S.K.: 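Next up is a structure, given as structure tokens.
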Amino acid sequence: MAKMGTSSRVAAAIVAVLGFVLSLAVVCNGGKTSSFVRKVEKTVDMPLDSDVFKVPPGYNAPQQVHITQGDQLGKAVIVSWVTVEEPGSNTVLYWSAYSKKQKSEGKVTTYKFYNYTSGYIHHTTIRNLKFNTKYYYVVGIGHTERQFWFITPPEVGPDVPYTFGLIGDLGQSFDSNKTLTHYELNPQKGQAVLFVGDLSYADTYPNHDNVRWDTWGRFTERSVAYQPWIWTAGNHEIDFAPEIDETKPFKPYTHRYHVPYKASGSTAPFWYSIKRASAYIIVLSSYSAYGKYTPQYKWLEQELPKVNRSETPWLIVLMHSPWYNSYNYHYMEGETMRVMYEPWFVKYKVDVVFAGHVHAYERSERISNVAYNIVNGICIPVKDQSAPVYITIGDGGNLEGLATNMTEPQPAYSAYREASFGHATFDIKNRTHAYYGWHRNQDGYAVTADSMWFFNRYYHPVDDSTSAQ
Ligand SMILES: [Fe+2]
């Protein structure tokens with residue numbers, strides 16, 4: 001080994017100290033920015049003749065079958081489907097191993113959008129179901145019948161385990177298909193999907209080609225016909241196109257996707273709440289008025305005190321545009337809603353907020369930024385154990401591609417961020433613990449690329465930050 005001279009020893013010492021300082025700087029620099037290397041490929045939509053878009057065979061066969069929760073408690077299901085040749089029957093025939101066959105009647109609707117006319121869109125609510133029961137159901141009665149099944153949630157209660165899937169900004173690209181497949185094959189087995197907005201991306205086509213709403217309905221049927229997806233409206237649901245005289249916002253979305261908003265006293269289908277197992281889920285609309293005195297504001301003001309944590313310990317909020325986002329895309333778009341509602345989220349100890357919109361993944365520490373009052377300059381988010389964790393899960397894989405450009409340095413509040421497509425699961429174990437895992441599409445189905453044990457804010461409000469462990 002060559003002997004070091006004094007000057008080279010000093011140089012080595014300087015390098016070592018510099019290295020230490022630099023590594024400290026990285027540690028202080030917020031959380032982790034994943035160094036995962038992905039192939040650079042363009043995100044493209046699947047062509048219209050793809051097998052996932054195939055029209056089911058048979059005269060007037062129901063297609064785009066989808067279900068969602070139909071009441072506040074989980075004893076009702078809204079079944080929706082589209083027929084093309086003629087309206088056909090609105091009846092859903094359903095039964096369980098313990099009950100005889102029953103029928104429920106619904107309604108049919110259609111809409112026009114520029115030069116597009118929809119098929120016959122059916123919505124039928126099945127009520128008074130038994131909890132925790134597998135039901136079979138048939139639609140298309142009188143023409144081509146198709147049979148599906150779903151399992152109702154367990155009765156609402158504080159220690160009821162339940163696993164939610166989380167998907168956002170899905171679209172209908174080859175990557176979207178991978179995301180859905182990964183969700184379906186995840187051994188964690190999500191029982192219902194919390195969908196954080198931006199469904200079909202039909203509005204990215206000329207004249208918002210609504211044929212792409214139909215293809216999206218057929219693509220997702222393989223999951224959403226069998227388990228409820230809880231819908232949040234995103235900006236791609238607005239479909240506002242004055243240049244072609246389409247000026248009624250949310251027209252295709254509201255005709256196609258019904259939600260049980262009236263059951264929670266809401267006056268519009270863009271904000272509402274449901275209880276499911278041990279979770280209370282509040283859906284908010286980033287694209288409806290939310291300022292003081294507005295319907296959404298008044299509803300949320302009355303809604304939060306109604307949440308009984310001894311019945312539903314887990315308080316989850318869904319919205320489309322994130323409040324905390326350190327990517328250079330949609331930067332601060334959620335800021336005005338944060339200013340309005342964040343003090344309530346801290347006061348009522350929301351466990352977690354899921355949002356989409358940014359086509360990447362990010363998880364925050366428990367932080368709040370409620371002290372700022374214009375003149376005091378206190379505008380930096382601080383750690384707050386009464387505050388939710390904010391998760392951006394807008395990485396479903398739509399044709400707009402990944403958001404890869406991040407603000408630097410990573411803010412202290414950002415615990416983990418990565419520009420990869422994927423989905424997540426939120427696995428509630430009991431009133432105190434839930435296991436959260438994010439899955440990137442490049443990994444095996446069981447691999448969690450980011451995970452966290454959530455401690456419930458009402459029953460177990462101790463520090464659960466991943467950096468503190
Ligand atoms: Fe969006």
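Whatever order the structure lists them in is the order used to number ligands and atoms, beginning at 1. Start at 1 with the first residue, then count along the sequence. Being a predicted model, the structure only gives us computed values, none of them experimental.
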S.K.: Which heavy-atom pair separates I78 from Q69 by the least distance, and what is that distance?
M.R.: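 Nearest heavy atoms, I78 then Q69: CD1-O, 3.8 Å.
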S.K.: A quick test of your reading: do over 12 heavy atoms of other residues, nucleotides or ligands sit less than 6.0 Å from NZ of K306?
M.R.: yes
S.K.: Closest to the Fe ion (ligand 1), which N/O/S atom of H357 is it?
M.R.: ND1
S.K.: Does R276 make a cation-pi contact with F164 (under 6.0 Å, within 45 degrees of the axis)?
M.R.: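 So R276 doesn't make the cation-pi contact.
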S.K.: Under 2.8 Å from the Fe ion (ligand 1) - does any N, O or S atom of H236 fall there?
M.R.: no
S.K.: Does E221 come within less than 4.0 Å of R218, counting only side-chain N to carboxylate O?
M.R.: no
S.K.: Under 2.8 Å from the Fe ion (ligand 1) - does any N, O or S atom of S321 fall there?
M.R.: no
S.K.: Tell me, please, if H330 has any N/O/S atom, main chain or side chain, under 2.8 Å from the Fe ion (ligand 1)?
M.R.: no
S.K.: Under 2.8 Å from the Fe ion (ligand 1), is there an N/O/S atom belonging to D169?
M.R.: no
S.K.: Compute the angle centred on the Fe ion (ligand 1) spanning OD2 of D198 and OD1 of N235, and express it rounded to 10 degrees.
M.R.: 100°
S.K.: For S80, which of H123, H255, Q64 qualifies under side-chain hydrogen bond (donor to acceptor under 3.5 Å, both in side chains)?
M.R.: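 In the set H123, H255, Q64, the residue that makes a side-chain hydrogen bond (donor to acceptor under 3.5 Å, both in side chains) with S80 is H123.
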